[in-house]
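To start, the structure under review is shown below, and the notes come after it.
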Amino acid sequence: MKRVQFNSRYLPYLFLLPQFAIISIFFYWPSMQAITSSFYIEDPFGFGSTFVGASNYTDALTSPEYQKIARFTIGYSLIVTFLALSLGLLLALKADAVIRGKSAYKTLLIVVYAIAPPVAGLIGMMLFDQHIGPFVKFAALFGWEMKVGLNYFDTAFAMVMVAVWNQIPYNFIFFLSGLQGIPASIREAAAIDCKSGTRRFWTVILPLLTPTAFFLLVINMTYSLFDTFGVIDVIVKDKPANNPITLVYKVYLDGFRGNDLGSSSAQSVILMLVVLVLTMIQFRFIERRVHYG
């Protein structure tokens, strides 16, 4: 194989410099600022700060409210990730089997991904509105009086449904690309050896999709923890305080509404460490089952 040759030993670093600058400015520097602020009680207007050590961390971790939100965040992330991945894979399998009209079918499934999370949250609020929401009227047929924004469970249900609906197209695109990358000869051989489509999926198709599935698992966990902020903000904004929220939304509430910058910074550092540990676990244990060959 040919190796790329540079006239100067410093030229590769020059090419990497813009990316390093972006990472340093928009990730490392804010992270260091958050870590520093987490050890202080700061005046929201910048008139002074008081060093309090690890008090912000202990106050957050021992708070019953924070623990309740953390439990909800874990359940919310697991449910959103599972539903978004499974439904995206199911739709990709069905789209891959479509012969006629498959372009229109795929376009209809992908177009949702163009909707920004705040817009998805607004659409979700319209669908779950107590007066005009079709989902509320449908639930009423079964005796379920849905009150999104007032009832804790109903609001959580709406948050999960809107978040999953907004993420399915992303998973659909990658799973469909993975399915189309499986050689036809392997599918034909599997069809000859096994008549059961379900068994072929579990023994042949899914193992070949594990690199794609692992990538999407990491992306979907990150999405459920951080990128659903817009959906949650639209659904719970200006609603009673007993609505469910996630840890990243609590960071926003404490920092930008409560002006408690020290506690907000400590919570952001805790969340960053949780995501780091979770990512390490995924790459350490789950990646063992991934077959890149």
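Just the heavy atoms: all of them, side chains too, but no hydrogens, waters or symmetry mates, feed the values below.
- When all heavy atoms are compared, the tightest approach of Phe39 to Gly53 is CD2-O, 3.2 Å.
- Taking each heavy atom of Ala163 and Thr228 in turn, the nearest pair found is CB-CG2, 3.8 Å.
- The distance between the ring centers of Tyr10 and Tyr13 does not fall below 6.0 angstrom.
- Ring pair Phe135/Phe128 is perpendicular by interplanar angle, where above 60° counts as perpendicular and below 30° as parallel.
- Panel note: side chain Asn220, backbone Leu216; a donor-acceptor pair is recorded below 3.5 Å.
- Of the possible donor and acceptor atoms, one in the side chain of Ser264 sits under 3.5 Å from a partner among the backbone N and O of Val251.
- Here Ser38 pairs with Tyr57 under the side chain to side chain donor-acceptor pair (under 3.5 Å) rule; sequence neighbours left out.
- Glu145 places no side-chain N or O within donor-acceptor distance of the main-chain N or O of Ala140, the cut-off being under 3.5 Å.
- Between Asn243 and the options Asp154, Asn151, Thr155, a side chain to side chain donor-acceptor pair (under 3.5 Å) holds for only Thr155.
- Between the side chain of Ser37 and the backbone N or O of Ala34, no donor-acceptor pair lies under 3.5 Å.
- For the pair Ser24 (side chain) and Ala21 (backbone), a donor-acceptor distance under 3.5 Å is absent.
- For the pair Lys250 and Phe72, the cation does not sit on the ring face, since its NZ or CZ is not both under 6.0 Å from the ring centre and inside 45° of the axis.
- Once rounded to the nearest 0.5 Å, the distance linking CD1 of Ile79 with CZ of Phe157 reads 10.5 Å.
- Considering every non-hydrogen atom in both Gly88 and Asn171, the closest pair reads CA-CB, 4.3 Å.
- Residues meeting the ring pair (Phe, Tyr, Trp, His ring centres under 6.0 Å) test with Phe20, sequence neighbours left out: none.
- Nearest heavy atoms, Phe175 versus Leu209: O-CD2, 4.2 Å.
- Counting only heavy atoms from C-beta outward, the side chains of Ile219 and Phe174 never approach each other to under 4.5 Å.
- When all heavy atoms of Ile232 and Met159 are compared, the closest pair comes out as CG1-CE, 3.7 Å.
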